[in-house]
Amino acid sequence: MRKTFFSAAVAMLCASAVLADTVVFRNVTVVPMNGAKTLANQTVVVRDGRIDTISKNAKLRVEGAKVVDGTGKYLIPGLAEMHGHVPPMNASGGQLEDTLFLYVASGITTVRGMLGHPGQLELREKARRSEIIAPNLYLAGPSFNGQSVNSVDEAVAKVRAQKKEGWDLLKVHPGLTLAEYDAMAKTAAEEKIRFGGHVPAEVGLLRAIEAGQETFDHIDGYAEYLEADKGPVDAKKLAELVALSKKAGVWIVPTSALWEVLYGTIPLDTLKSYAELKYVPQTAVDNWSKAFEQRLAQMPRDEAKNVIDNRTRILRALHEGGVRILMGTDAPQQFSVPGFSLHRELLRMRDAGMSPYDILKSGTTNVGEYFRTQDSFGTIEPGKRADLVLLNADPLKDIGNVSKIEGVMVRGQWLSRTELDAGLAKIAAKYKR
């Protein structure tokens, strides 16, 4: 018997999700994300985890298929959490299975895990084989930081070890010296493994861009370079930075909603009223509240407001300048519940001037492009991995409609609204208060 760390309830959900190898969506409006358009009254056939056909043949019959009625509904590619976290394998209280399910229940079918732990590479493969209910996982190894790397030689050895172990990328945290960072970057290029995350203070944004860092998560380095805490950023300096970023081909993962929490610009009472907190322990909410109050007491309010306002300006400028944006929230984090945090992030991207189509691109098409050498997904086209979300309203008219989920498909596994609600109810029941 295969060893599993998942509860019987989740195992039952997983079994029901994989009964049919073929699923047919009938009379659905497809949002293919290969252009700002919709295709009405479509029949979409999924076989063996891939999109097989898309047509207007309403009479098409597929023997043994599970049929999903898409009348009045919209089918979009699955969304991505490009700065997410997966709990350690030995996390207590079912945190691992809960986190993975919460991602999927919110329409997230791809997670780029940004802090590796032992055993997660096996977890990644279990997800790929659909042995568990989980997004597709692309995982960074244990981070490069001032505690884990203490010399140039250690930086080089750590890169080579993580490449050999099979991690998908390297995660950069603060604390690396310039020499250690440069050694990491040089060895990563030699080993052909990508790296991203934070910008260490001694390195600085310009050097990180020059060294080939691919993703700048939390817009890290940009606000610091532009002195965003001191007032409106210099427009000319920002424009030069946007042009440099575009030329270098970097990717930006904003995580704007979390930064509003960390800088205390959302009232604590508002944060504590979030409905999704029922899916986390009360002790976590209490700890988050305490940390919030401590930060608020130490952080000048004018500086905090400057940073948040300028982060929105920076994101707007990067987007308008053609720099590629990737959807991400840094969940699980303080008042950032996996999956639900993404739907709050979409509204911050809207506030930065991104259209519903461009916001969706950041979590679908752009993600498919980022991972193009590893799989084919991110649009609704034949041959693509069948990661799909069925919505009850048009997301191109209002990005808020992305939260109106009727069902989720990940690697061809279909989970209906009823099944999603059952899984969510079981998680909430553990923390009933």
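Computation of the quantities below employed the complete heavy-atom set of this structure, encompassing side-chain atoms and omitting hydrogens, waters and symmetry-equivalent molecules.
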Checklist entry - Partners of Ala386 by side chain to side chain contact (heavy atoms under 4.5 Å, CB included), sequence neighbours excluded? => result Val46, Ile51, Met409
Checklist entry - Residues in side chain to side chain contact (heavy atoms under 4.5 Å, CB included) with Glu224, at least two apart? => result Asp220
Checklist entry - Less than 4.0 Å between a side-chain N and a carboxylate O, is that true for Asp309 and Arg313? => result no
Checklist entry - Do Lys237 and Glu240 meet the salt-bridge criterion of a basic N to acidic O distance under 4.0 Å? => result no
Checklist entry - What class does the angle between the rings of Trp259 and His218 fall in, given that below 30° is parallel, 30 to 60° is tilted and above 60° is perpendicular? => result parallel
Next on the checklist: Run the ring pair (Phe, Tyr, Trp, His ring centres under 6.0 Å) test against Tyr274 and tell me which residues pass, sequence neighbours left out.
Outcome noted: none
Checklist entry - Between Asp234 and Lys236, does at least one N-O distance fall below 4.0 Å, as a salt bridge requires? => result no
Item to check | Aromatic Tyr263 / basic Lys305 pairing, under 6.0 angstrom, 45° off normal | outcome: no
Checklist entry - ring-ring contact (aromatic ring centres under 6.0 Å, His included): which pairs involve residues 121-151, sequence neighbours left out? => result Tyr138-Phe371
Checklist entry - Taking the six-membered ring where the residue is Trp, are the ring centres of Tyr370 and Trp251 under 6.0 Å apart? => result yes
Checklist entry - Taking only residues two or more places apart in sequence, or in another chain, which ones meet Phe292 in a ring pair (Phe, Tyr, Trp, His ring centres under 6.0 Å)? => result none
Checklist entry - Are Asp98 and Lys430 within salt-bridge range, i.e. N to O under 4.0 Å? => result yes
Next on the checklist: Please list all pairs meeting ring-ring contact (aromatic ring centres under 6.0 Å, His included) that have one or both residues in residues 337-368, counting only residues at least two apart or in different chains.
Outcome noted: Tyr279-Phe340
Checklist entry - Below 4.0 angstrom, N of the basic side chain to O of the carboxylate: do Glu293 and Lys290 qualify? => result no
Item to check | ring pair (Phe, Tyr, Trp, His ring centres under 6.0 Å) partners for Trp288, two or more places apart | outcome: Phe335
Next on the checklist: Around atom NZ of Lys186, are there more than 12 heavy atoms from other residues, nucleotides or ligands closer than 6.0 Å?
Outcome noted: no
Next on the checklist: Regarding Glu345 and Arg348, does a basic nitrogen lie under 4.0 Å from an acidic carboxylate oxygen?
Outcome noted: no
Next on the checklist: Give me each pair satisfying salt bridge (charged side-chain N to carboxylate O under 4.0 Å, His left out) with a member in residues 77-88, each pair once, sequence neighbours excluded.
Outcome noted: none
Item to check | Listed partners of His173 passing ring pair (Phe, Tyr, Trp, His ring centres under 6.0 Å), at least two apart | outcome: His198
Checklist entry - Under the 6.0 Å and 45° cation-pi test, does Arg311 pair with Tyr222? => result no
Next on the checklist: One thing to verify: whether Asp375 and Lys384 come together as a salt bridge, which I'm taking to mean a side-chain N less than 4.0 angstrom from a carboxylate O.
Outcome noted: no
Checklist entry - Between Arg112 and Asp217, is there a side-chain N and carboxylate O pair less than 4.0 Å apart? => result yes
Item to check | For His117, all residues meeting side chain to side chain contact (heavy atoms under 4.5 Å, CB included), sequence neighbours excluded | outcome: Pro88, Leu115, Gln120
Checklist entry - Taking atom types as modelled and ignoring hydrogens, do the side chains of Thr187 and Glu190 form a donor-acceptor contact shorter than 3.5 angstrom? => result no
Item to check | Glu214 and Arg194 ion-paired at < 4.0 Å | outcome: yes
Next on the checklist: Pro395: which residues meet the side chain to side chain contact (heavy atoms under 4.5 Å, CB included) condition with it, sequence neighbours left out?
Outcome noted: Val31, Tyr74, Ile76, Leu360, Leu391, Val402
Checklist entry - Which residue pairs pass the ring-ring contact (aromatic ring centres under 6.0 Å, His included) test when at least one of the two sits in residues 374-400, sequence neighbours left out? => result none
